[in-house]
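Read the structure below first, then the notes.
For the single chain, residues carry numbers from 1 onward in sequence order.
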Amino acid sequence: MKDSANLYRQGDLSAEALQEDFARALPDSPAAPALFADLAALLPPGPQRAGLRAAAVNAGWTLNPSFSPNPVSASAGAGRGALRGRALATNAGGGWSGGASDAGADPEGAPALVEALDSAWAPLDRSRITARADELAGGPKAARTGGVVAFVFVSSPEEDGDDLHSGMSWRPAGASLYWLQEALRSFDADLRSKIGAGAGVLYRRGPYLPALQQAAAALGAGAVYMGRRCEPAIFATDARMAAGLYEPAMIATDARVAAGLEAGGLAVRSFNTLMLHEPGAVRLDMSRYNGHFGTLMPFVRACDRLPAPPKPLPVPLRVPVAASAPEGLSLDELGLAPMPLRADGTAVDWAAGIRGAWDISEAGALRQMDVFLDAGFPRYEAARQFADARAVSRLSPYLHFGQLSARVLAAESRRRGGPAVSKTFSRRLAWRDLASWQLLHWPRMPAKPIRSPYARQAWRDEPGELRAWQRGRTGFPLVDAGMRELWATGWMQQSVRMVCAAFLVEYLSLHWVHGCRWFHYTLVDADLAINSMMWQNAGKSGLDQWNFTLLPTSSSQDPDGAYVARWVPELAQLPRKWIHSPWAAPAETLAAAGVELGGTYPHRLTKADLKALRQANAEAINAARRTAPHLVDRNGYDMIEIPKGATAGEDGKIMRIFTKPEYRKLWAA
């Protein structure tokens, strides 16, 4: 009960759920109402205390007469609670969606659609939504009052961000939209089979505000609950939600939608559903050195000073729904990821490889987590770099779309040994939060360098080379294998992503934004914050420049050549010695393997010395830095102005950031 009380005080548990926890812990005992009253008495007068009183009264408990909630807050709660009927809840994951119940909407007693959408999906075990599906849109209260929960998904891509080829905050596209579509399909089936036919998702097309208003009117909804969307939208109705802003697109849109719903009499509440820590709550302490500003360790230390993320909660016993699902569009009619048509009218099924590589469901997410924790986690430190993903989790798309909770993954990995087994993996979720923190403070990060002088760096303009890179036709087998796997399955292992990114920017000298856009289109786990942070660092304009050499000819990620042989089958018969550099193989070896360079497999895009290409890239960066000498300190470090809200006391100051030693040497030369 102590954990539940802490969750309530943090705003992560509703008063109704807390009352039910007390009732379950002390069934049929007079001690339960007494302890509940004692807890309420410890709270300062205000909406939280009023929420506990309302929950107790609704449960038929008599509280100690000395317990007297703040009359103003109680009155406000009663006023909002008068919005009876059904509460419309929404889910994260690209579009507004949710559920509905006859839940009163006082500020604290309102259902915490949680971790609400501590998942975007609904649940039946350990997904983000499962973590608190017992409160999904007011389940407990709805059960007592006869109200029901309804789930709604609204798609309005024009309001979700910029087109991929313009602007700086891109809406979901390509492979990630297909994943979203199939995740919704699985979600809907799970709801119907495990909760009831009436739990089926109601699909609507946008614009968001009129679509939600119409759905709410049709359902008789009294409130809207949703997880704060992390891609590509930001939810911001008032100052209390400022810490929950994740991405630059949609601030005005989501605020307008929420304001419009509230103006129409609907209560609106959102919850942290995707992050371990809200990006806006993290403030770095740079008063003493524990790493360069904006890099991982100062961020981890700042998170350590925050309250620990709430623990995942058990599966709900019930979610009240209507007898039948409300009428709306079918998922296919919604058209999230339509297949193009050939001239003869047949569809081009470009997603077949994605379906073959993934189980796009909550059950698939949980199975994959268990497989990883059993087999990959124990050897993560030693084997995480291999291209064949033998020791990595492959959980990124499930985390991104809410089919697996970050809290659940963190808790399960700690239960299996946590940092003692793998310190690196234990920090992966912190990296994820760090990316959203960076995007919060640098909202143009997807397309504009954080280090402003780097915007003047000279890049080559070679559309043909960019297309060859995208298609996996560069003539460098490891790069080609990675890019082909990406196109086929929507994913590739992290170290291969880094090799492919470094090849584009350091060896071809093509702008990193081209790579960022392509990955955003082709990754099933395309996350605007994570993808942008990676490409900024690959292009050396981010806060944490990659300080290592990634050779496109290296065999360290694929020592037996099996990864290249799988994805570049035209080289599969080459001996391992030559499979990563076929141009170096003797002519008779190539002929015996059926390889014709320039025929069955392309010539290299560049035959220049790789070290010389890296040096040319470094000199281009140095030239850009020299256009703004006031932003380089005497030791050759780049400097930036600290944005408001990023630190505990250094906002607005000019601070140096990590700069590669070779760039510092070039500056001093």
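With rounding to the nearest 0.5 angstrom, the CZ atom of Arg379 is 12.5 Å from the OG atom of Ser422. Taken from CZ in Arg456 to CZ in Arg625, the straight-line distance is 12.5 Å, to the nearest 0.5 Å. Interatomic distance, OH of Tyr398 versus OG of Ser393, reported as 10.5 Å (0.5 Å rounding). Rounding to the nearest 0.5 Å gives a distance of 7.5 Å between CD1 of Ile640 and CZ of Arg451. Gln457 CD to Asn617 CG: the interatomic distance, rounded to the nearest 0.5 Å, is 5.5 Å. A distance of 11.0 Å separates CE in Met483 from CD in Glu485, rounded to the nearest 0.5 Å.
No hydrogens or angles considered: nothing links the side chains of His400 and Asp525 as a donor-acceptor pair under 3.5 Å. If you check the side chains of Ser541 and Gln536, you find a donor sitting under 3.5 Å from an acceptor. Residues Gln403 and Ser361 bring no donor and acceptor atom of their side chains to less than 3.5 Å of each other. No hydrogens or angles considered: nothing links the side chains of Gln493 and Arg390 as a donor-acceptor pair under 3.5 Å.
Judged by distance alone, the side chain of His520 and the main-chain N or O of Arg171 form a donor-acceptor pair under 3.5 Å. Although no hydrogens or angles enter the test, the distance criterion places a donor-acceptor pair under 3.5 Å between the side chain of Asp558 and the main chain of Tyr563. With hydrogens and angles disregarded, no donor-acceptor distance shorter than 3.5 Å links the side chain of Ser155 to the backbone of Phe153. With Asp162 contributing its side chain and Ser169 its backbone, the two residues share a donor-acceptor pair below 3.5 Å.
No more than 12 heavy atoms of other residues, nucleotides or ligands lie within 6.0 Å of NZ in Lys448, so this atom counts as exposed by the packing criterion. Atom CZ of Arg305 is surrounded by more than 12 heavy atoms from other residues, nucleotides or ligands within 6.0 Å. The environment of Phe658 atom CZ is dense: over 12 non-hydrogen atoms of other residues, nucleotides or ligands sit within 6.0 angstrom.
Within the 4.5 Å cutoff, the side chain of Pro552 has no heavy atoms near those of the Ser554 side chain. Using a 4.5 Å heavy-atom threshold, the side chains of Trp546 and Lys660 count as separate.
The aromatic rings of Phe425 and Phe372 lie tilted to each other, with the angle between the two planes from 30° to 60°.
Ring centroids of His514 and Trp518 are separated by 6.0 Å or more, keeping the two rings apart. A distance of 6.0 Å or more separates the ring centres of Phe519 and Trp512. Between Tyr637 and Tyr663, the distance separating the two ring centers is not shorter than 6.0 angstrom.
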Evaluate side chain to side chain donor-acceptor pair (under 3.5 Å) for Ser186 paired with Glu362, printing each intermediate quantity in order. CA-CA 8 Å; Ser186 172; Glu362 180 192 46; over 6 Å; no
